[in-house]
Amino acid sequence: MTVVVPYPTLLSTVTGVFAARGVPPDRARVAAEALCHGDLTGVTSHGLVNLTRLYLPLLDSDRADPAADMAVTADLGACVRADARRALGLWSAAQAVDLAAARAARLGVGVVSLRGATHIGCAGFHAARAALHGMVGLVASNCGGQRIARPPGGLEPLLGTNPLALACPAGERHPFVLDMSTTVVPTGRVRAAARAGRAVPPGWLADDSGEPVTDPAAFDRGEAHLLWLGGRPETGAYKGFGLGLLVEVLAALVPGAALGPVGGGADDDIGVLALVIAPELLRSGFSGDAGRLFEAVLGCAAADPRAPVTYPGWPEGERARWRREHGVPVPEELYDELRAVAPALRAAG
Ligand SMILES: NC(=O)c1ccc[n+]([C@@H]2O[C@H](COP(=O)([O-])OP(=O)(O)OC[C@H]3O[C@@H](n4cnc5c(N)ncnc54)[C@H](O)[C@@H]3O)[C@@H](O)[C@H]2O)c1
C-alpha cells in the first residue's frame, strides 16, 4: 500500500523535521529537497527511507552538527578546500556545488574540495544544481572510513559504494544526470530487496568463492559481498573498482578526508568533490549543441517501440514532473515512520 503525498507537503514536513533538530530553516529546506529528491525521482534507495535510519540518528548521536558552518581552509579562486565540520551532508554538498558554480561563473571552472562531510544522499541532486545555471557539474563522494566492497579477488572490504554524478543541460529536455554508485548497486537497494523479501539478480552479490548470491539478506548476515560495476574481473570489475578508487582519490584523498582502506570503519569525515565548468565562458553555442546531442539520443531507433531510448536523468526528470503535479507515492510503512517524527503531519491527520 502507498500513500500519495503532495510534493509541497512532503517537502515542508521533512523541512520541519530537520528544523526541529536545530538545522536552520533555509538549510533544512535544501536538505529536505535533497532527501525528497529520491522519492520524487524514483531513486527510493536514497530518499525518505533514510530519514529515520540514517539522518535523524546522525543528528541525535551528535555525529552530524545541525548548525555547523562550512569553514574555508584554502582559497585559490577557482579551487577551494573546505571543512564541512559535520554539517548535514544533504545540505553541505549542495552548498559546495553552489560555491563551485559561483566561481565557475567568474573563472570558467570552480572546484570545491570538502572534508568533514556527512552522508550526501543522491549525488545527482547536487550535481544537477550546476545544470540549472547552464553549467556542467560533477559530484563525487566517498563514504568516509566505511568499508563495504572488496577489491576484485580480495577477501576484505576496503571502500564504500562511492557515488559519482555528472549533470549537463540538455536544451529544452530534462538534463543529463548520470548518478550512480560505483558498486553495481548501493547497499540501500540490497536492503530494500531484503525488507521486501525479494531475490536480487545474479551479479549484485557473491559469496567468498565468487559464486552469485541472490538472497539479499545474506549481505547483512556477512555471507555475501557487494560487487563492483562490471561484476567479475573478466566482465569488467576492475573498471568499477577503478571508478571507486577514482572517487576515493578525487573526493577524499585530495581534501584530506577519511579514506576507506586506512580509515576507522565509520562513515564519518566523508570527502566530497564538487567540480563545475561554465562552458559558455569558453565558447558560444554550447547550449544549442547540448540540446542537439541529447535530442539525437532520444531519437535513436528503439529495439522495442514501446521502450524508447532515453539517457540518464530523463526517466527521473519525467517521474519528477509527474509527481510534482500528482503527488509522491510513499509506502505506508514509510509514511507511518514520517508521521511518528513529524508533529505537523500527525496534526493534519
Ligand atoms: N551518498 C552515498 O554515499 C551514496 C552511495 C551510493 C549511491 N548513492 C546514491 O544512490 C542513488 C542510486 O544509485 P544507483 O547506482 O542505484 O543508480 P541506478 O542504477 O538507479 O541508476 C544509475 C544511472 O542509470 C540511469 N538509468 C537507469 N535506468 C535508466 C533508463 N531506463 N534509461 C536511462 N537511464 C537510466 C539513471 O538515470 C542513473 O543516472 C544515486 O542517487 C547515488 O548518488 C549515494
Side-chain angles (χ1 to χ4, degrees), residues 31 34-47 49-50 53-55 58 64 84 88-94 96-97 114 117-128 131 137-149 159-168 170 173-193 200-201 203-204 226-230 240 243-244 247-248 251-252 257-258 260 266-273 294 297-298 300 302-304 306-320:
L35 187 70
C36 295
H37 173 85
D39 302 86
L40 186 68
T41 58
V43 187
T44 49
S45 61
H46 283 71
V49 69
N50 281 341
R53 284 169 189 77
L54 176 60
Y55 299 108
L58 273 179
L88 213 48
L90 289 170
W91 167 73
S92 62
V97 171
L114 197 62
T118 61
H119 194 275
I120 70 167
C122 295
F125 167 82
H126 305 289
L138 182 142
V139 169
S141 168
N142 87 331
C143 298
Q146 194 179 29
R147 299 180 203 123
I148 299 169
L159 296 175
T161 52
N162 289 9
L164 178 63
L166 183 104
C168 176
R173 317 274 177 184
H174 300 300
F176 166 71
V177 185
L178 174 65
D179 180 19
M180 56 181 226
S181 61
T182 46
T183 48
V184 67
V185 285
T187 54
R189 286 181 60 185
V190 177
R191 292 193 172 116
V200 298
W204 286 20
L226 192 56
L227 296 172
W228 294 98
L229 270 176
L243 283 172
V247 169
E248 198 75 8
D267 57 343
D268 294 316
D269 192 10
I270 287 173
V272 179
L273 173 85
F294 291 104
V297 176
L298 292 178
C300 176
D304 176 353
R306 289 162 304 172
V309 173
T310 63
Y311 53 81
W314 194 90
E316 291 81 8
E318 277 297 287
R319 234 171 261 135

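For ligands, and for the atoms within them, numbers begin at 1 and follow the listed sequence.
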Quiz item: Strictly under 4.0 Å, does any heavy atom of Thr310 approach an atom of ligand 1?
Solution: yes

Quiz item: Quick one: does ligand 1 sit under 4.0 Å from the side chain of Val43, the backbone, both or neither, non-hydrogen atoms only?
Solution: side chain

Quiz prompt | Derivation of the side chain to side chain contact (heavy atoms under 4.5 Å, CB included) call for Val297 and Trp314 | solution = CA-CA 11 Å; Val297 176; Trp314 194 90; over 6 Å; no

Quiz item: Which is it for Asp267 and ligand 1 at heavy atoms under 4.0 Å: side chain, backbone, both or neither?
Solution: neither

Quiz item: Who gets closest to atom 40 (C) of ligand 1 by heavy atom: Leu164, Val139, Asp179?
Solution: Asp179

Self-check item: Under 3.5 Å: donor-acceptor pair, side chain of Thr182, backbone of Asn162
Solution: yes

Quiz item: Does any N or O in the side chain of Glu248 come within less than 3.5 Å of the main-chain N or O of Gly260, such that one atom is a donor and the other an acceptor?
Solution: yes

Self-check item: Identity and distance of the protein heavy atom lying nearest atom 14 (P) of ligand 1
Solution: Pro186 CD, 3.7 Å

Quiz item: Is a side-chain donor or acceptor of His37 paired with a backbone partner of Cys122 at a separation under 3.5 angstrom?
Solution: no

Quiz prompt | Enumerated ligand 1 atoms positioned under 4.0 Å from heavy atoms of Cys122 | solution = 41 (O), 43 (O)

Practice problem: Check whether any protein heavy atom sits under 4.0 Å from atom 28 (N) of ligand 1. | Solution: no

Quiz prompt | Residues that Arg191 engages under salt bridge (Lys or Arg N to Asp or Glu O under 4.0 Å), provided they are two or more places apart | solution = Asp220

Quiz item: For the side chain of Asp268 and the backbone of Gly144, is there at least one donor-acceptor N/O pair under 3.5 Å apart?
Solution: no

Quiz prompt | N/O separation below 3.5 Å, His46 to ligand 1 | solution = yes

Quiz item: Near Ala123, which atoms of ligand 1 are under 4.0 Å from a heavy atom of that residue?
Solution: 43 (O)

Practice problem: Report the C-alpha distance between Leu243 and Leu164 in whole Å, list the side-chain angles of each, state the deciding distance to 0.1 Å, and finish with yes or no for side chain to side chain contact (heavy atoms under 4.5 Å, CB included). | Solution: CA-CA 9 Å; Leu243 283 172; Leu164 178 63; 4.3 Å; yes

Quiz item: Is Met180 in polar range of ligand 1, meaning some N or O pair under 3.5 Å apart?
Solution: no

Quiz prompt | Min N/O separation Gly313 to ligand 1 under 3.5 Å | solution = yes

Quiz item: With distance as the sole test, does Thr118 use its side chain to make a donor-acceptor pair with the main-chain N or O of Gly89 at under 3.5 Å?
Solution: yes

Self-check item: Test item: protein heavy atom less than 4.0 Å from atom 24 (O) of ligand 1
Solution: no

Self-check item: Minimum heavy-atom distance between Asn50 and Ser45, given as atom pair plus value
Solution: ND2-O, 3.6 Å

Quiz item: Does the N or O separation between Ser181 and ligand 1 drop below 3.5 Å for any pair?
Solution: yes

Quiz item: Quick one: which of Gly160, Cys143, Pro315 has a heavy atom closest to atom 35 (C) of ligand 1?
Solution: Pro315

Quiz item: Touching ligand 1 at all, Tyr311? Heavy atoms, strictly under 4.0 Å?
Solution: yes

Quiz item: In terms of atom number and element, which parts of ligand 1 are under 4.0 angstrom from non-hydrogen atoms of Thr161?
Solution: 5 (C), 6 (C)

Quiz item: Against heavy atoms of Leu178, which atoms of ligand 1 measure under 4.0 Å?
Solution: 39 (O)

Quiz item: Do any N/O atoms on Glu316 end up under 3.5 angstrom from N/O atoms on ligand 1?
Solution: yes

Practice problem: Take every heavy atom of Ala165, measure it against each atom of ligand 1, and state whether any distance is under 4.0 Å. | Solution: no

Practice problem: Dump the intermediate steps for side chain to side chain donor-acceptor pair (under 3.5 Å) on Glu316 and His174, then the final yes or no. | Solution: CA-CA 9 Å; Glu316 291 81 8; His174 300 300; over 6 Å; no

Exercise. Would you mind checking which non-hydrogen protein atom is closest to atom 1 (N) of ligand 1, with the distance to 0.1 Å?
Key: Gly121 O, 3.0 Å

Exercise. Could you tell me which residues satisfy ring-ring contact (aromatic ring centres under 6.0 Å, His included) with Phe294, sequence neighbours excluded, listed by chain and number?
Key: Phe176, Tyr311

Practice problem: Examine distances only and state if a side-chain atom of Asp269 and a backbone atom of Ala258 form a donor-acceptor pair shorter than 3.5 Å. | Solution: yes

Quiz item: Which protein non-hydrogen atom lies closest to atom 4 (C) of ligand 1, naming both residue and atom, and how far is it?
Solution: Pro163 CG, 3.3 Å

Practice problem: Would you please test Ile120 and Val139 for side chain to side chain contact (heavy atoms under 4.5 Å, CB included) and show each step? | Solution: CA-CA 10 Å; Ile120 70 167; Val139 169; 4.0 Å; yes

Quiz item: Considering only heavy atoms, which of His119, Gln146, Arg189 lies nearest to atom 3 (O) of ligand 1?
Solution: His119

